[in-house]
2 protein chains.
Amino acid sequence: MPYDLILQNIGKHIHLEPQEEARFVSLLTSRKLKKKQFLLRENEVCRHSAFVTQGCLRSYNLDENGFEHILQFAPPDWWIADMYSLISQQPGSLYIDALEDSEVLLLSKKDQEQLYHDCPKFERFFRIITENSLVANRRRVLDNLSLSAQQRYAMFCQHYPSLINHLPQKQIAAYIGVTPEFLSKLRKEFRHS
Amino acid sequence: MPYDLILQNIGKHIHLEPQEEARFVSLLTSRKLKKKQFLLRENEVCRHSAFVTQGCLRSYNLDENGFEHILQFAPPDWWIADMYSLISQQPGSLYIDALEDSEVLLLSKKDQEQLYHDCPKFERFFRIITENSLVANRRRVLDNLSLSAQQRYAMFCQHYPSLINHLPQKQIAAYIGVTPEFLSKLRKEFRHS
DNA sequence: CGAAAACAATAATGTAGATTAAGAAAATAT
DNA sequence: ATATTTTCTTAATCTACATTATTGTTTTCG
């Protein structure tokens with residue numbers, strides 16, 4: 001079953017009865033993405049929460065010079081969406097695409113809200129993962145304000161060790177907020193220390 | 001009644017029956033803070049969510065050189081806490097203090113969880129405001145990555161017009177991530193354009 | 001009210017990180 | 001396999017913003 005991972009993910013925070021699991025799973029649609037394929041583009045309305053089961057996605061925006069700035073990486077067992085657009089149902093500013101061949105499970109906004117209504121446990125689950133994501137993003141705001149690029153890279157290595165050897169360095173540079181050239185220099189200093 | 005503001009705040013997202021309002025209000029404790037007085041310090045465990053009814057608070061951390069970096073301003077009608085510490089009940093890294101004489105209503109973590117259990121509507125309320133806060137913080141991460149200091153200042157003016165004339169510039173500098181000296185220079189350019 | 005403290009403006013100098021450019025290595029596709 | 005594209009490294013130069021210092025202004029508070 002390809003639903004093991006998502007049920008385990010939910011099971012970390014709430015307990016579901018078998019029929020609740022069945023109901024939940026029945027609302028999911030699976031989608032495969034080739035490397036570089038988009039799940040969402042700027043100015044589109046985000047209509048689903050996505051749970052990654054294989055591969056790796058990312059969300060990012062483009063600045064006025066066309067440079068990419070990465071908001072989130074989503075390896076297997078992570079949720080990803082343009083939360084602003086998903087909540088407001090207004091066109092968003094994020095792109096979401098696949099960094100490698102990937103597979104996601106999609107839950108529509110409508111079904112998600114119906115779940116909240118029918119079974120408050122799901123509202124608890126999404127409250128908790130939203131809280132956790134908020135804590136991580138607040139941490140990141142403070143890190144961007146108070147740490148040097150060297151320190152931010154060290155934090156990234158510490159926090160996401162599995163992604164370091166998995167992702168191209170330019171993607172990591174676009175996440176911590178430096179140019180790939182400067183990250184290359186940082187890594188050289190890192191080796192000698 | 002000093003509870004009007006908080007009940008209206010909740011009323012933006014859920015509807016409460018009179019007895020639910022009474023129950024909720026009975027869990028709140030009021031606290032006055034003098035300017036510069038702390039609600040929370042680094043390494044303390046955060047045990048309450050705070051709702052500001054008067055004045056203005058802020059949350060911030062200190063970097064290794066002792067500089068302040070502001071995570072959040074909380075004027076009246078805003079909630080503030082060290083979410084990491086509140087969730088984990090571990091010592092946090094944030095300071096929360098009053099920028100002027102202020103008043104807050106405190107809801108303990110225990111009571112908040114009891115409310116979730118007794119009345120799922122409250123879980124909905126906190127899910128929604130947590131989602132909104134997450135959207136704002138993700139926006140801020142991307143702004144820090146993709147905008148110049150000049151642009152970040154312009155965004156702040158646009159987004160928080162009431163705070164601009166209310167707060168010392170050095171506080172705004174510590175929020176957008178520049179030194180007070182540089183913000184002073186930015187403002188001069190701003191006037192001439 | 002007056003003294004002390006906090007805040008703001010300006011300017012000279014310093015630096016972390018950007019930009020540009022060019023070549024080497026690795027991954028991808030035909 | 002080899003051609004093409006993408007990624008990585010290195011180095012020279014440039015710039016947005018920090019640091020330091022000085023002076024003036026506003027707030028705070030006894």
Side-chain angles (χ1 to χ4, degrees), chain A residues 33-37 55-56 58 60 62-70 97-102 143-157 163-193, chain B residues 33-37 55-56 58 60 62-70 97-102 143-157 163-193:
Chain A
L33 294 166
K34 285 284 178 195
K35 183 171 181 171
K36 294 191 181 179
Q37 198 179 343
C56 189
R58 62 171 181 165
Y60 66 96
L62 295 182
D63 67 24
E64 57 191 6
N65 303 312
F67 288 106
E68 297 173 357
H69 301 278
I70 296 179
D97 69 0
L99 289 167
E100 54 192 275
D101 293 355
S102 301
D143 286 351
N144 285 161
L145 293 179
S146 56
L147 301 181
S148 68
Q150 182 70 264
Q151 291 171 314
R152 274 177 278 138
Y153 178 63
M155 293 288 288
F156 187 93
C157 292
L163 291 179
I164 285 291
N165 306 309
H166 201 73
L167 297 175
Q169 281 173 219
K170 61 175 296 200
Q171 303 296 333
I172 294 165
Y175 181 94
I176 65 175
V178 295
T179 57
E181 293 83 357
F182 191 66
L183 179 57
S184 178
K185 196 191 278 187
L186 289 182
R187 282 166 52 85
K188 188 162 66 167
E189 293 168 28
F190 218 62
R191 274 178 242 128
H192 298 304
S193 67
Chain B
L33 293 167
K34 285 283 176 196
K35 183 169 180 172
K36 294 191 180 179
Q37 199 179 341
C56 189
R58 62 171 183 165
Y60 66 95
L62 294 182
D63 67 24
E64 58 191 6
N65 303 313
F67 289 105
E68 297 174 356
H69 301 277
I70 297 180
D97 69 1
L99 289 169
E100 54 191 277
D101 292 356
S102 301
D143 286 351
N144 285 160
L145 293 178
S146 56
L147 301 181
S148 67
Q150 182 70 264
Q151 291 172 313
R152 274 177 278 139
Y153 178 63
M155 293 289 288
F156 187 92
C157 292
L163 292 180
I164 285 292
N165 306 309
H166 201 72
L167 297 176
Q169 282 174 217
K170 61 175 296 200
Q171 302 297 333
I172 294 166
Y175 182 94
I176 66 175
V178 294
T179 57
E181 294 83 357
F182 192 66
L183 179 57
S184 178
K185 196 190 278 188
L186 289 182
R187 282 165 52 85
K188 188 163 66 167
E189 293 167 28
F190 219 60
R191 274 178 242 127
H192 299 305
S193 68

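A note on names: the letters A, B, ... follow the listed sequences, proteins ahead of strands, and every chain is numbered from 1.
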**Message:** Nearest whole Å is fine: how far is D:dA16 C1' from B:E189 CD?
**Reply:** 10 Å
**Length of the line joining A:Y153:OH and D:dC8:P, which is rounded to integer Å** = 11 Å
**Request:** Rounded off to whole Å, could you give me the NZ-to-C1' distance for the A:K34 and C:dT28 pair?
**Result:** 13 Å
**Prompt:** Would you say a side-chain N or O of A:Q169 is under 4.0 Å from OP1 or OP2 of D:dT9?
**Reply:** yes
**Request:** Would you mind reading off the distance between A:I164 atom CD1 and D:dC8 atom P, rounded to a whole angstrom?
**Result:** 11 Å
**Prompt:** Closer than 4.0 Å, any side-chain N/O of B:K170 to the OP1 or OP2 of C:dA6?
**Reply:** no
**Item:** Side-chain touch B:E100/B:S102, heavy atoms, less than 4.5 angstrom
**Value:** yes
**Minimum-distance nucleotide to B:K188 side chain [options: C:dA8, D:dC17, C:dT10]** = C:dT10
**Item:** Inter-residue atom distance A:L99.CG - A:H166.NE2, 0.5 Å rounding
**Value:** 8.5 Å
**Asked** Where the side chain of A:E181 is defined as all heavy atoms beyond and including C-beta, which of D:dT10, D:dC17, C:dA6 is the nearest nucleotide?
**Response** D:dT10
**Complete:** To the nearest angstrom, the CG-C1' distance between B:L183 and C:dA11 comes to 17 Å
**Asked** Does B:E189 reach the side chain of B:K185, with side-chain heavy atoms less than 4.5 Å apart?
**Response** yes
**Prompt:** Rounded to whole angstrom units, what separation is found between the CD1 atom of B:I176 and the C1' atom of D:dC17?
**Reply:** 12 Å
**Item:** NZ/NE/NH1/NH2 to OD/OE distance under 4.0 Å, B:D97 and B:K36
**Value:** no
**Prompt:** Among C:dA18, D:dT19, C:dT28, which is the nearest nucleotide to the side chain of A:V178?
**Reply:** C:dA18
**Message:** Quick check on DNA chain C: between B:L167 and A:F182, whose nearest nucleotide comes earlier from the 5' end?
**Reply:** B:L167
**Request:** Side chain of A:T179 only, please: which of D:dT10, C:dA18, D:dT6 is the nearest?
**Result:** C:dA18
**Item:** Which nucleotide in C:dA6, D:dT6, C:dG17 has an atom nearest any side-chain atom of B:K36
**Value:** C:dA6
**Fill in**
B:N65 atom CG is separated from D:dA18 atom P, nearest whole Å, by 13 Å
**Request:** For a side-chain contact (heavy atoms from CB on, under 4.5 Å) with A:Y153, tell me which candidate from A:L147, A:L183, A:V178 qualifies.
**Result:** A:L183
**Asked** Can you tell me how far C1' of D:dA18 sits from NZ of B:K185, to the nearest Å?
**Response** 10 Å
